[in-house]
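Written below as structure tokens is the structure these notes are about.
Letters go in sequence order (proteins before strands), and every chain restarts at 1.
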Amino acid sequence: MSHLIRALRAEQVKLRHTLSLWLVPMAPLVIVLLAVAQFSFANVHRPQPFDPVAVWKSFSQGMFLLWNFLMLPLFVTLQAALLAGLEHGGQQWKHLLALPMPRRTHYAAKLCVLVAMTAAATLLLGLATPLAGWVVMQVQPGYGLAGAPPWAWLAGRSLASIAAAGILIALQGWVALRWQSFTVAVSVGIAGTVAAFLIGQSEKVGRWFPWSMPAQVFAFNGVHLWFVVIAGLTVGAAIAVFALWDCARREYA
Amino acid sequence: MLAIQTRGLTRRFGGRHGVQELALEVPAGSVYGFLGPNGAGKTTTIRLLLALLREEAGEIRLFGETLSWQQRAPLREVGSMVETPSLYPHLSGRENLEVTRLLSGGEAARIDEALELVGLSADATRRVREYSLGMRQRLGIALALMRQPRLLILDEPTNGLDPAGIVELRALLQRLAGARGITVFLSSHLLAEVEQIASHVGVLHQGRLLFQGTQQELRRQHGDPLIIRCGDARSVCDGLFGLGEQPQLLDDDTVSVPAPRRADHEINRCLVERGHAIHAFGRRPHSLETLFFELTAQGAGV
């Protein structure tokens, strides 16, 4: 455990002055700006029957769907590639793996950072949603946003989104660490995200596809929410264990 | 006490041998120059010594402790730089050292010490992407020194350095080996450099160790050639053939006898008696380069 803590502290230093770190606030900010722009300039209709809590949920769901469907898979893809690229680029592995520390620790630290960054960005979106709602209240009062945001609901759905991304995070992390090429990791992520557009719309198979699992937290009235949360946590953990085993057994030739 | 000892160390890549039955013996406190042509297996050996590759057969001991793919604890005694230094260009020199310090668990004061040792204290806060090649190489060595190693393993540390950088690096390694008693195991293509710095050498060819020992032992084993400077080298050559020697004509007025059969004074006397004008007569020590080429040529013929 002390090895992992040391490796995580080292990761913290490595992230200074990196695009990875900037992406954490930037990615949810893009969603917030898009949502505010959409509600500010588009013709919006007050949902009927009018219920301020339902309007808040509808508004928040719109933002989170955009995040979970599109931005989250791309965010995980890019972050995984950038985090692994820090080591692949300068051939750091030959230095790291020659340190008297279990090999898997370096890979475990990378996966932990990937999880932490995904969680931080998603929670930031959860926190920024009420702020975006307040802006919409000012510029588009006709939409009907009023009262306090549903904090508990927002917190629950944010955490569920993170959990549902478990398999996606483990898979993208493994691909990025396993193959040195940045292109491989990014291609897999983009292919998965594009495929998720089609597959995720299917109530039957959408919940089985890792890249569309986060979207299932909201899709079809959240009927698959618990399935994707539990699958994300358990299968994601299993894939992460496999990824650590696979990366640690590889030689640096 | 041996810093590195390998017995029967073997590693193949497909059907091709990387190294075969390698029996390295690197005395503690020595500077060991590990020589060999490209593809001889130097980098493979170094990667085995750092547990970056699995050994197929044989054993590695570092300061008497067994090192293997599974047993990596002896690496705590080792600092290494394999080919190019592993640096994060977006971080400063100090931050790069901080990463290694955190991973190795050393004290923060080690960073300043390492920076001072390699002469980078003044540039510690600059991003590494602004560093020259020589500065990067020195920072790579500082990274290797972060764990206060007893053994420094360097693979081609002079790669890409200009002459001034090479001189700086040589001085640094001499300081480390001399004042700090660190064992330095380095591979290099620059034989003249190794000749100046190494107390011991190992010559690897096609995965096999052809020689290891001190430079003096290597010279003793091969004998220095007899060099004769004279007025007419061709006629001296003929004369030497007449004496049963195997001379080589180096130029119009120089003849070399790599392994004379007679005593030097006897050869000299015979040549003078036959009327040859001898201007200079004596042994010239082999350069490491000459010995290296002789050894590898013999090795290729095996």
Side-chain angles (χ1 to χ4, degrees), chain A residues 1-23 78-79 81-110 112-113 177 180 182 244-253, chain B residues 11 13-14 18 43-44 46-56 62 65 67 69-92 94-106 127-129 136 139-140 143-144 146-147 149 153 155:
Chain A
M1 195 63 182
S2 72
H3 282 139
L4 183 61
I5 290 167
R6 271 159 42 190
L8 286 171
R9 289 181 65 199
E11 288 296 324
Q12 200 185 342
V13 177
K14 289 181 209 171
L15 283 172
R16 289 178 195 166
H17 330 291
T18 58
L19 175 65
S20 281
L21 212 53
W22 279 105
L23 277 177
L78 196 56
Q79 283 293 20
L82 288 170
L83 287 172
L86 278 176
E87 316 305 339
H88 294 321
Q91 298 190 326
Q92 308 291 349
W93 294 118
K94 63 180 190 267
H95 175 65
L96 296 177
L97 299 177
L99 294 171
M101 168 180 270
R103 288 182 190 86
R104 61 179 178 278
T105 311
H106 302 290
Y107 304 108
K110 287 282 175 205
C112 288
V113 171
L177 290 170
Q180 296 216 356
F182 189 84
L244 295 185
W245 170 80
D246 181 55
C247 290
R249 78 193 169 91
R250 296 182 64 76
E251 293 179 315
Y252 191 86
Chain B
R11 174 60 207 248
F13 295 99
T43 300
T44 300
I46 284 177
R47 291 188 174 189
L48 285 164
L49 293 177
L50 294 172
L52 293 170
L53 293 176
R54 285 185 185 87
E55 64 287 350
E56 209 168 280
L62 300 183
E65 215 179 330
L67 172 85
W69 177 256
Q70 299 295 342
Q71 281 175 276
R72 296 153 45 82
L75 288 175
R76 68 179 176 273
E77 308 281 7
V78 183
S80 64
M81 185 172 80
V82 183
E83 292 167 336
T84 51
S86 300
L87 303 171
Y88 299 98
H90 65 286
L91 298 179
S92 68
R94 179 178 291 281
E95 286 168 331
N96 268 279
L97 293 173
E98 177 70 4
V99 169
T100 298
R101 184 192 74 79
L102 288 167
L103 290 169
S104 311
R127 301 248 177 121
V128 165
R129 67 164 64 99
R136 285 175 189 227
L139 185 60
L143 284 179
M146 280 304 290
R147 273 172 285 157
I153 296 180
D155 187 15

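Here the side chains of A/Gln92 and B/Ser86 are in contact, with some heavy-atom distance below 4.5 Å. B/Trp69 has its side chain within reach of A/Arg103: a pair of non-hydrogen atoms, C-beta onward, lies under 4.5 Å apart.
Neither the backbone nor the side chain of B/Thr44 comes within contact range of chain A, judged by heavy atoms closer than 4.5 Å. Both the backbone and the side chain of B/Glu95 come within less than 4.5 Å of a heavy atom of chain A.
When all heavy atoms of B/Leu91 and A/His17 are compared, the closest pair comes out as CD2-CD2, 4.0 Å.
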task: Please lay out, stage by stage, how B/Glu98 and A/Arg9 fare under the test side chain to side chain contact (heavy atoms under 4.5 Å, CB included).
output: CA-CA 10 Å; B/Glu98 177 70 4; A/Arg9 289 181 65 199; 5.5 Å; no

- prompt: Which is it for A/Glu251 and B/Arg47 under the side chain to side chain contact (heavy atoms under 4.5 Å, CB included) test, yes or no, and what are the steps along the way?
  reply: CA-CA 9 Å; A/Glu251 293 179 315; B/Arg47 291 188 174 189; over 6 Å; no

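Note that CG of B/Leu103 is 6.0 Å distant from NE2 of A/His106, once rounded to the nearest 0.5 Å.
Put simply, the side chain of B/Arg147 never gets that close to the backbone of A/Leu99: no donor and acceptor are under 3.5 Å apart. In this structure a side-chain-to-backbone donor-acceptor pair under 3.5 Å is present from B/Arg54 to A/Arg249. Between the A/His95 side chain and the B/Ala144 main chain, no donor and acceptor come within less than 3.5 Å of each other.
The greatest number of non-hydrogen atom pairs below 4.5 Å with chain A, out of B/Leu75, B/Thr100, B/Leu143, B/Leu102, is found for B/Leu102. Of the residues considered (B/Ile153, B/Leu50, B/Leu87), B/Leu87 shows the highest number of contacts with chain A, using heavy-atom pairs under 4.5 Å. Note: A/Glu87 leads A/Gln91, A/Glu87, A/Glu11 in heavy-atom pairs under 4.5 Å with chain B. Ranked by heavy-atom pairs under 4.5 Å with chain B, the list A/Gly90, A/Ala98, A/Ala109 is led by A/Ala98.
Residue B/Glu56 places its CD atom among more than 12 non-hydrogen atoms of other residues, nucleotides or ligands, all under 6.0 Å distant. Around the CZ atom of B/Arg76, the shell of radius 6.0 Å holds more than 12 heavy atoms that belong to other residues, nucleotides or ligands. Counting non-hydrogen atoms of neighbouring residues, nucleotides and ligands closer than 6.0 angstrom, the CH2 atom of A/Trp22 reaches no more than 12 such neighbours.
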